[in-house]
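Heavy atoms only: backbone and side chains are in, while hydrogens, waters and symmetry mates are out.
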Amino acid sequence: MRRLRTAALAAVLATPLALTSAQAAPLQAGDRPPAVRAAALTDTPSCDPTKSLRPSTDESGPAVSAIKKRGVLIAGVDQNSYRWGFRDPATGQLQGFDIDIVHAIAKALLGDPNKVQFKMVPTAKRIDAIKSGSVDLIARTMTITCARLNDTAFSTAYFQAGQQVVVPKAAGAKTVDDALKGKRVCVADSSTAQDYLEKNPRGQASLTKVGNALDCLVLMQLGQVDATLTDNAIAVGQAAQDPTVQVIGPSLTNEPYGVAISKSSPDLVARVNAVLEDYRHGPWQDSYHRWLEDYLGRGAQPPAANYLP
């Protein structure tokens, strides 16, 4: 019965609801080009993807000016990542750590944290959304990688995560190899978890790709996959939603999260970096305490900003 109730909760979190912070709308994007893939595999030791433009409060650039003239920030987010970007089933409102960052950016640019139009963007469509101009930015547990920098710009890192494995407690797995060897493993399509397992299969029997990480939790609940690989920041949220699963093993990768912005909008990148400079001193800790501390522990600090020369 508990498993059925948890599956129902996951289904509620995954179900689109009407929402306005100013306004919400589903992303309408075309098919993903084969070349657009998260590709941490191509990162090189000489590459430091976390370096970003120096912050600026100048708002005269074209991208920032367009947002101010429009009067609303269009942000691509998730509605299915518990504690990061998710809908409160009782109110239908978007909440979470990533959502707080979007509100902070809107307040800095427009004077009102609620002047946001949220668009729900699947993992595999994040870069498409930026390149097509469907959104001004993406704040969606998105790892900064050198390969992704070929297609989009990023802010400085605002969170440091890493890939970990989620398995049902009943499986009795004690190590990553226990959890993955000979197993059906689930990942979000075009995620760094997919890239990792394609390069390091760890003896998996098969790989199932889904639109969002929450779909993996549902498939585990239904017995259709045996394990999930995802960012530990997301994994602990899954374990919080369903007490019959657990997170095991060490972090397998480094996953610095950044706000994705078009390469043609350096003025917006610099302005967002200025927002994050202030955000690291107080608001970041407040948001972490509210959303993540119970699952990731006390004492966490935001990553230090790393700027280009």
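- Without hydrogens or angle criteria, Ser65 side chain to Pro62 main chain gives no donor-acceptor distance under 3.5 Å.
- The shortest distance between side-chain heavy atoms of Ile261 and Val272 falls below 4.5 Å.
- In terms of modelled atom types and a separation under 3.5 Å, the side chain of Arg280 and the main chain of Gln301 share no donor-acceptor contact.
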Chi angles and distances behind the side-chain contact (heavy atoms from CB on, under 4.5 Å) call for Lys209, Gln194: CA-CA 8 Å; Lys209 294 174 285 186; Gln194 177 184 341; 3.5 Å; yes
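- For the residue pair Gln285 and Pro302, the shortest heavy atom distance occurs at NE2-CD, 3.6 Å.
- Closest approach of Pro256 to Ala157, counting heavy atoms only: CB-CB, 4.0 Å.
- Between Phe159 and Trp284, the ring-plane angle classifies as parallel under the 30° and 60° cut-offs.
- Between Asp100 and Pro283 the shortest side-chain heavy-atom distance does not fall below 4.5 Å.
- To the nearest 0.5 angstrom, Asp231 atom CG is 10.0 Å from Gln160 atom CD.
- A 4.5 Å side-chain heavy-atom check between Asn273 and Arg54 finds every atom pair outside the cut-off.
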The test is side-chain contact (heavy atoms from CB on, under 4.5 Å); show your working for Leu217 and Asp242 and say whether it passes. CA-CA 8 Å; Leu217 177 60; Asp242 185 349; 4.1 Å; yes
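- Side-chain contact between Leu252 and Val176: present, with at least one pair of heavy atoms (C-beta onward) separated by less than 4.5 Å.
- Expressed to the nearest 0.5 Å, how far CD of Glu59 lies from CG of Leu110 amounts to 8.5 Å.
- Among Arg148, Lys51, Lys263, the single residue meeting the side chain to side chain contact (heavy atoms under 4.5 Å, CB included) criterion with Phe154 is Arg148.
- Side-chain atoms of Asn212 never come within 3.5 Å of backbone atoms of Leu214 as a donor-acceptor pair (strictly under, hydrogens ignored).
- Ring pair His103/Phe118: centre-to-centre distance below 6.0 Å.
- Distance OG1/Thr141 to CZ/Arg83: 15.5 Å, rounded to 0.5 Å.
- With values rounded to the nearest 0.5 angstrom, Cys146 atom SG is found 7.5 Å from Asp48 atom CG.
- Crowding of Lys68 atom NZ: a count of heavy atoms from other residues, nucleotides or ligands under 6.0 Å exceeding 12.
- Salt bridge annotation for Asp136-Arg70: present, with a cationic side-chain nitrogen under 4.0 angstrom from a carboxylate oxygen.
- With contacts defined as side-chain heavy-atom distances shorter than 4.5 Å, the pair Thr244/Lys169 does not qualify.
- With contacts defined as side-chain heavy-atom distances shorter than 4.5 Å, the pair Phe86/Trp291 qualifies.
- For the pair Leu53 and Tyr307, the tightest heavy-atom approach, listed with the atom from each and the gap, is O-CD2, 3.3 Å.
- Using a 4.5 Å cut-off on side-chain heavy atoms (C-beta onward), Val167 and Ile248 make contact.
- No donor-acceptor pair closer than 3.5 Å links the side chain of Gln79 to the backbone N or O of Gly85.
- Atom CD of residue Gln221 and atom CD of residue Gln241 lie 8.0 Å apart, to the nearest 0.5 angstrom.
- Using a distance-only test at 3.5 Å, with no hydrogens or angles considered, a donor-acceptor pair links the side chain of Gln238 to the main chain of Ala213.
- Salt bridge status for Lys131 with Asp151: present, with a side-chain N to carboxylate O gap under 4.0 Å.
- Residues Ile130 and Ala260 approach most closely at CD1-O, 3.4 Å, considering heavy atoms.
- The backbone N or O of Arg202 sits nowhere less than 3.5 Å from a side-chain atom of Asn200 that would complete a donor-acceptor pair.
- Using a 3.5 Å distance cut-off with no hydrogens or angles, the side chains of Asp78 and Ser81 do pair a donor with an acceptor.
- For Thr152 and Arg126, the side-chain atoms include no donor-acceptor pair closer than 3.5 Å.
- Taking CG from Asn306 and OG from Ser52, the interatomic distance works out to 9.0 Å, rounded to the nearest 0.5 Å.
- When the options Leu197, Ile234, Asn254, Thr253 are evaluated for a side chain to side chain contact (heavy atoms under 4.5 Å, CB included) with Gln163, the one that passes is Thr253.
- A donor-acceptor pair is defined here as one N or O able to donate and one able to accept, closer than 3.5 Å; such a pair exists between the side chain of Asn232 and the backbone of Gly162.
- Exactly one of Val166, Asp226, Thr228 qualifies for a side chain to side chain contact (heavy atoms under 4.5 Å, CB included) with Cys186. That residue is Thr228.
- Taking both residues in full, the closest heavy atoms of Tyr288 and Ala300 are given as CZ-CB, 3.3 Å, listed atom of the first, atom of the second, then distance.
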Step by step, work out the side-chain contact (heavy atoms from CB on, under 4.5 Å) result for Ile101 and Tyr158. CA-CA 9 Å; Ile101 288 176; Tyr158 64 82; 3.3 Å; yes
Tell me, with the steps shown, if Val77 and Lys119 meet side-chain contact (heavy atoms from CB on, under 4.5 Å). CA-CA 6 Å; Val77 297; Lys119 289 194 174 185; over 6 Å; no
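- Asp128 places no side-chain N or O within donor-acceptor distance of the main-chain N or O of Lys125, the cut-off being under 3.5 Å.
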Run the ring-ring contact (aromatic ring centres under 6.0 Å, His included) test on Trp84 and Phe97 for me, step by step, so that the C-alpha distance in whole Å, both residues' side-chain angles and the decisive distance to 0.1 Å come before the verdict. CA-CA 5 Å; Trp84 287 89; Phe97 193 85; 5.1 Å; yes
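- Not a single donor-acceptor pair under 3.5 Å links the side chain of Ser265 to the backbone N or O of Leu268.
- Checked by atom type and distance alone, the side chain of Thr143 never pairs as donor or acceptor with a backbone atom of Glu255 at under 3.5 Å.
- Salt-bridge annotation for Arg271 and Asp58: absent, with no side-chain N of the basic residue lying under 4.0 Å from a carboxylate O of the acidic one.
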Could you go step by step and tell me if Thr175 and Asp178 meet the side-chain hydrogen bond (donor to acceptor under 3.5 Å, both in side chains) rule? CA-CA 5 Å; Thr175 68; Asp178 289 343; 3.3 Å; yes
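- Side-chain atoms of Gln93 and Asp88 form no donor-acceptor pair, as typed in the model, at a separation below 3.5 Å.
- When all heavy atoms of Asp98 and Ala139 are compared, the pair lying nearest together is CB-O, 3.5 Å.
- Between Arg298 and Glu293, the closest side-chain pair of non-hydrogen atoms falls below 4.5 Å.
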